[in-house]
Amino acid sequence: MKPLEQLVRPNILSLAPYSSARNEYSGKKAHVFLDANENPYNSPLNRYPDPLQLELKELISEVKGVKAENIFLGNGSDEAIDLPYRCFCRPGKDNVVAIEPTYGMYKVCADINDVEYRPVLLDENFQFHADELLAACDDNTKLIWLCSPNNPTGNNLNIEEILKVINKFEGIVIVDEAYSDFSRQKSLRSELAKYPNLIVLNTMSKAWGSAAIRLGMAFASKEIIELFNKVKYPYNVNLLTQEAAMKILDNREDVSKWVSMLLQERAQLMEAFKQLPICEKVYPSDANFFLAKMTDAQAIYDYLVDQGIIVRNRTRIKLCNNCLRVTIGTRSENSELIGALRQYK
Ligand SMILES: *Cc1c(COP(=O)(O)O)cnc(C)c1O
């Protein structure tokens, strides 16, 4: 890895971040707060929330096995996807490399930040080859985007190839593990100490059943987390979100139950798809969704919409011709889907 100072945009390196009232005084002992121009009424919503969400981070630290100083929390993974661009990529100059197909936000954020996005096509098994990704890099490549299990393909990326990229690339490697709770593959979170150029993303939106609260996580070196903290909006995670997140983290048994039910349902639904005459192939899944190649994805998608059932039509995505992406629902939702597809003519 290049030294961090060489990777960070010069304006960010020299940035004096906003210092909020809550930064300047963060002790617990005081009882009269006349420093932040807050309204004394309407407690507890009248007070600015903790800008660094320390109480929540302590809880996440326990659950995820990562020290609080190695955790960044954001307004969904969306924020944690945008920040590496804003911290590392000079608009109009730098570029990033990613697998294709993958999650659409990496490219959207590249476009918003005026950063060149270089997609490298996966092979027919939806795997990538480290050497091909590295060959797409040049001196101005700051980030490599990996997603494992990958969206929309559903599979884990080969861990040896991921590690090869992390070991050989001079810049930052981001591995989005939004779906790792559904996978048997060990999370790269546990390898953070070994790889100063690694950022691992997690979210509350999938296994944790909390997409509405918008809470995304990035795990990385203390230096990278400090950089993110400097650039983020001061109060990027609101109080209601912090409280809802602590509540769901306390209900961890529910989450494990949901995950095991969904894994059971996944096996059944994938098996049922394989039996459908209109389904040509079901791709393996390590996530809470799977990709299925159909005889005519567009027509089947339209038919399902008419029945009030929405799946994701991925037919126009590279390597996903005639593919539908199906999220695993409850048993009754899954049965309704299969029932409808059996009636399709
Ligand atoms: C769903 C998803 C996310 C979650 O994004 P949030 O902003 O945290 O809701 C992140 N990455 C991938 C690959 C996803 O599919």
Side-chain angles (χ1 to χ4, degrees), residues 77 98-108 119-129 133 145-159 161-162 175-185 201 203 205-207 211 258-259 261-305 307 309-331 333-342 344:
S77 305
I99 54 170
E100 173 161 88
T102 192
Y103 188 45
M105 278 306 286
Y106 316 141
K107 179 167 191 306
V108 171
V120 177
L121 208 58
L122 296 172
D123 69 17
E124 66 282 1
N125 298 316
F126 296 142
Q127 285 299 337
F128 79 104
H129 302 277
L133 243 57
W145 291 96
L146 299 173
C147 181
S148 183
N150 188 33
N151 180 5
T153 61
N155 59 302
N156 280 324
L157 298 179
N158 185 322
I159 186 67
E161 293 296 300
I162 296 179
V175 184
D176 187 344
E177 294 188 340
Y179 299 98
S180 59
D181 299 275
F182 301 102
S183 161
R184 278 187 232 270
Q185 178 72 56
L201 303 184
T203 178
S205 299
K206 306 291 156 62
W258 296 337
V259 170
M261 284 193 295
L262 290 170
L263 291 181
Q264 245 179 336
E265 284 298 311
R266 180 179 80 189
Q268 289 197 13
L269 190 57
M270 287 172 74
E271 198 45 47
F273 259 71
K274 285 178 191 163
Q275 307 301 324
L276 292 170
I278 55 170
C279 177
E280 294 182 350
K281 179 166 185 179
V282 176
Y283 293 93
S285 169
D286 301 292
N288 67 334
F289 63 86
F290 63 90
L291 201 62
K293 192 180 271 305
M294 312 301 283
T295 48
D296 185 346
Q298 185 64 52
I300 296 165
Y301 173 83
D302 292 339
Y303 162 80
L304 287 174
V305 170
Q307 312 282 311
I309 300 169
I310 315 298
V311 296
R312 199 87 195 267
N313 183 5
R314 299 282 77 183
T315 190
R316 273 176 286 278
I317 302 284
K318 285 217 176 92
L319 302 182
C320 298
N321 188 35
N322 269 325
C323 285
L324 297 178
R325 193 194 70 190
V326 181
T327 306
I328 311 302
T330 63
R331 170 155 304 179
E333 289 170 332
N334 302 333
S335 315
E336 198 179 327
L337 170 65
I338 280 296
L341 289 171
R342 284 181 183 142
Y344 178 83

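Along the sequence shown, residues carry numbers from 1.
Two residues are said to be in side-chain contact when any heavy atoms from C-beta on lie closer than 4.5 Å; M261 and T330 fail this criterion. The shortest side-chain heavy-atom distance between T102 and D176 does not fall under the 4.5 Å cut-off. Y301 has its side chain within reach of I310: a pair of non-hydrogen atoms, C-beta onward, lies under 4.5 Å apart. Residues L276 and Y344 form no side-chain contact, since every pair of their non-hydrogen atoms from C-beta on lies 4.5 Å or further apart.
Shown here for T315 and A297, the closest heavy-atom pair between the two residues is CB-CB, 4.1 Å. Contact between L291 and T153 at its shortest, heavy atoms only, is CD2-CA, 4.0 Å. Considering every non-hydrogen atom in both P152 and C320, the closest pair reads CG-SG, 4.2 Å. The shortest non-hydrogen separation linking I99 to C147 is CD1-N, 4.1 Å. Residue P101 comes nearest to L122 through the heavy atom pair O-CD1, 3.7 Å, listed as atom of the first residue, atom of the second, then distance. Of all heavy-atom pairs between S285 and F290, the closest is CB-CB, 3.9 Å.
The CE atom of M294 lies 5.5 Å from the CG atom of L341; values are rounded to the nearest 0.5 Å. To the nearest 0.5 angstrom, L157 atom CG is 10.0 Å from E177 atom CD. Atom NZ of K206 and atom CZ of F289 lie 8.0 Å apart (nearest 0.5 Å). To the nearest 0.5 Å, atom CE of residue M270 and atom CG of residue N334 are 12.5 Å apart. Rounding to the nearest 0.5 angstrom, the gap separating the CG atom in N151 from the CZ atom in R312 is 8.0 Å. Put simply, CD1 on I309 and CG on L304 are 5.5 Å apart, with the number rounded to the nearest 0.5 Å.
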task = Starting from the C-alpha separation in whole Å, work towards a yes-or-no answer on side chain to side chain contact (heavy atoms under 4.5 Å, CB included) for E333 and L337.
result = CA-CA 6 Å; E333 289 170 332; L337 170 65; over 6 Å; no

task = Before giving the answer on side chain to side chain contact (heavy atoms under 4.5 Å, CB included), spell out for F273 and I338 the whole-Å C-alpha distance, their side-chain angles and the decisive distance to 0.1 Å.
result = CA-CA 7 Å; F273 259 71; I338 280 296; 3.7 Å; yes

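In terms of modelled atom types and a separation under 3.5 Å, the side chain of Q298 and the main chain of N322 share no donor-acceptor contact.
The salt bridge (charged side-chain N to carboxylate O under 4.0 Å, His left out) pairs that include a residue from residues 279-301 number zero, where partners must be two or more places apart or lie in different chains.
The aromatic rings of F126 and Y283 sit tilted relative to each other, their planes meeting at an angle between 30° and 60°.
Not counting sequence neighbours, the partners of L263 by the side chain to side chain contact (heavy atoms under 4.5 Å, CB included) test are F182, V259, R266.
Side-chain contact check for Q275 and E271: at least one donor-acceptor pair (N or O, by modelled atom type) lies under 3.5 Å.
Annotation for E336: atom CD does not count as buried by contact number, only 12 or fewer foreign heavy atoms lying within 6.0 Å.
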